[in-house]
Visitor: 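Dropping the structure in here first, questions after.
Given the structure is predicted, the values throughout are model-derived calculations rather than measurements. Quick note on labels: first sequence line is chain A, next is B, and so on, each numbered from 1.
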Protein chains: 2
Amino acid sequence: MLAEFETYLKTQANFTDDEVKQICSSAECKKLRRKEVLLREGDVCRYKIFVCKGLLRTYSTKPDGSEYIMGFAPEHRWTTDPESYHKQVPAAFTIDALEDSEVLLWNKVNFDGLYVSVPRLKEFSENIITQNLYRSQRRILSTISSSVEERYDEFVSTYPDIFARVPLHMVASYLGVSRETLSRIRHAQVKR
Amino acid sequence: MLAEFETYLKTQANFTDDEVKQICSSAECKKLRRKEVLLREGDVCRYKIFVCKGLLRTYSTKPDGSEYIMGFAPEHRWTTDPESYHKQVPAAFTIDALEDSEVLLWNKVNFDGLYVSVPRLKEFSENIITQNLYRSQRRILSTISSSVEERYDEFVSTYPDIFARVPLHMVASYLGVSRETLSRIRHAQVKR
DNA sequence: CAAAAACGAGGACATTTGTCACCGTTTTCA
DNA sequence: TGAAAACGGTGACAAATGTCCTCGTTTTTG
């Protein structure tokens, strides 16, 4: 599991072998079964998470039990509850596995410790956060400026790999519409 | 104008006098008139921006001329086009002033240079970015899980200072609905 | 100061979307 | 493997929202 992460680190940023070794040494490997929960809403998020294999989902639950999907994290994506991790406060989101998955975990103490021995990790980490910010902003612009159909098409073409692996009702939730609405849109598209 | 920023720096993070001086010395002060454009969509965003006085707006324009408001930046808020600044690529957003404003600007070379002389600035900067990420995520959750009326109430109570200073049609744009829809919601509320 | 622009509201109507109920198929898992 | 759950779709109807229009007031600006 670590081997895959090592090649990721070397291709993404050009960390040295020694730096890679350091980063790996403070990671915790964890296998997740489908539906297994990694972080529960209300708990403090203890980890930064890197997905080696599989697919994670981040969502929020309303009192009536309905779920709202904030995002998906497939292989080679980092994820966490940023606010909970950063400030060590109760999490707003639940993170669970949509497929059997393999993840690497770093707790805050260990990860912050790495900043000392691997200074460049700080830049790398900031890059990851900033990328998540771009993604969020694009999604916001998309929701306030585009029709549901346009947003659906955008999702399919931007994340074809994810689209192929998640049920449609989760895509609907991600887009902020009902299952039925998404179904109608798809139906209208096949006719064309 | 710098005096205000200095007190901000000392209260927010506890930078030393010397660090504050360093940070200020590479800033560029700029006064903006209402409606003046600081960054134009398509140009490369050269600056990190700190608002000392006034109110800035970030928005995106569609080919038909319609504007979609990504956010507002009042006093003591940092703003920029993150992707454009970070990667020095054409900006997706326009930033202009809704009121006569005073801002401080740092270009990427200068700001990155500060990381060397003021190492703690890196943490501080990452904090700002992470806060923006929280904010974006809350907004996304809000749009996919709440009614327009709830989102309107949330906006008013979360940003009462901003709400009092921007026209309603911009709030509507920010929420992703038409002016008329917002008008109806407000009308329904006064009756209660 | 006066003309022009911006602003907020409101009505009428079409369109989109949500909700509810139901159905058949596929997948899951004990 | 067999029952149960999950999944995707559909129709009917109500509710929410967009669009287009007009109107009167306020604000801006030359």
Visitor: So B:Asn107 and B:Glu28, side chain to side chain donor-acceptor pair (under 3.5 Å) or not? Walk me through it.
Guide: CA-CA 9 Å; B:Asn107 66 41; B:Glu28 177 185 335; over 6 Å; no
Visitor: Using a cut-off of less than 4.0 Å, is there contact between a side-chain N or O of A:Lys35 and OP1 or OP2 of C:dT28?
Guide: no
Visitor: Using the benzene-type ring in the case of Trp, are the ring centres of B:Phe155 and B:Tyr174 under 6.0 Å apart?
Guide: yes
Visitor: What contact category does A:Arg179 fall into here, base, sugar-phosphate, or nothing, at under 4.0 angstrom with non-hydrogen atoms?
Guide: base
Visitor: Write down the distance between CD (B:Glu150) and P (D:dT17), rounded to a whole number of angstrom.
Guide: 11 Å
Visitor: B:Glu149 has an atom CD; how far is it from atom P of C:dT17, in whole Å?
Guide: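 Taking CD of B:Glu149 and P of C:dT17, I get 20 Å after rounding.
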Visitor: Using whole Å, what does the distance between atom P of nucleotide C:dT26 and atom CG of A:Leu168 come to?
Guide: 15 Å
Visitor: Among D:dT19, C:dA21, C:dC7, find the nucleotide with the atom closest to the side chain of B:Pro167.
Guide: C:dC7
Visitor: So does A:His187 get a side-chain nitrogen or oxygen closer than 4.0 Å to the phosphate oxygens (OP1/OP2) of D:dG9?
Guide: no
Visitor: Whole angstrom is fine here: how far is it from CZ in B:Phe163 over to P in C:dC7?
Guide: 14 Å
Visitor: Kindly state whether the ring of A:Phe72 and the ring of A:Tyr159 have centres lying under 6.0 angstrom apart.
Guide: no
Visitor: Nearest whole Å is fine: how far is C:dT17 C1' from A:Leu175 CG?
Guide: 14 Å
Visitor: Check this for me, if you would: do B:Arg165 and B:Glu99 make a salt bridge, where the nitrogen-to-carboxylate-oxygen distance has to be below 4.0 angstrom?
Guide: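 Looking at B:Glu99 together with B:Arg165, the answer is yes, because their closest N to O distance falls below 4.0 Å.
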Visitor: To the nearest Å, how far apart are B:Arg186 CZ and C:dC7 P?
Guide: 14 Å
Visitor: Answer with yes or no whether the side chains of A:Tyr115 and A:Ser125 bring together a donor and an acceptor at under 3.5 Å.
Guide: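 Yes, because at least one side-chain N or O of A:Ser125 sits under 3.5 Å from a partner of the opposite role on A:Tyr115.
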Visitor: What is the distance, to the nearest angstrom, from the NE2 atom on B:His169 to the C1' atom on D:dT26?
Guide: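 Atom-to-atom, B:His169 to D:dT26, this comes out as 13 Å.
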Visitor: Would you kindly check whether a donor in the side chain of B:Arg184 faces an acceptor in the base of D:dT19, or vice versa, at under 3.5 angstrom?
Guide: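 Such a pair exists between side chain and base.
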Visitor: On DNA chain D, nearest-nucleotide positions of A:Leu182 versus B:Arg34: which is more 5'?
Guide: A:Leu182
Visitor: Output yes when at least one side-chain N/O atom of B:Ser183 is less than 4.0 Å from OP1 or OP2 of C:dG8, else no.
Guide: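 So the side chain of B:Ser183 is outside the cut-off, no N or O lying under 4.0 Å from OP1 or OP2 of C:dG8.
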Visitor: Just to verify, which of A:Leu114, A:Leu104, A:Asn110 counts as forming a side-chain contact (heavy atoms from CB on, under 4.5 Å) with A:Ile23?
Guide: A:Leu114
Visitor: So, for B:Phe111 and B:Tyr47, is the gap between ring centers shorter than 6.0 Å?
Guide: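 No, too far apart.
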Visitor: Output the residues of residues 151-162 of chain A in contact with DNA chain C, where contact means a heavy atom of the residue under 4.0 Å from an atom of the strand; sort by number or write none.
Guide: none
Visitor: Is B:Thr181 close enough to D:dG18 that one of its side-chain N or O atoms is under 4.0 Å from OP1 or OP2 there?
Guide: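 So the side-chain polar atoms of B:Thr181 do come within 4.0 Å of the phosphate oxygens OP1 or OP2 of D:dG18, strictly under.
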Visitor: Taking CD from A:Glu180 and P from D:dC7, how many angstroms apart are they, rounded to a whole number?
Guide: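 About 14 Å, once rounded to whole Å.
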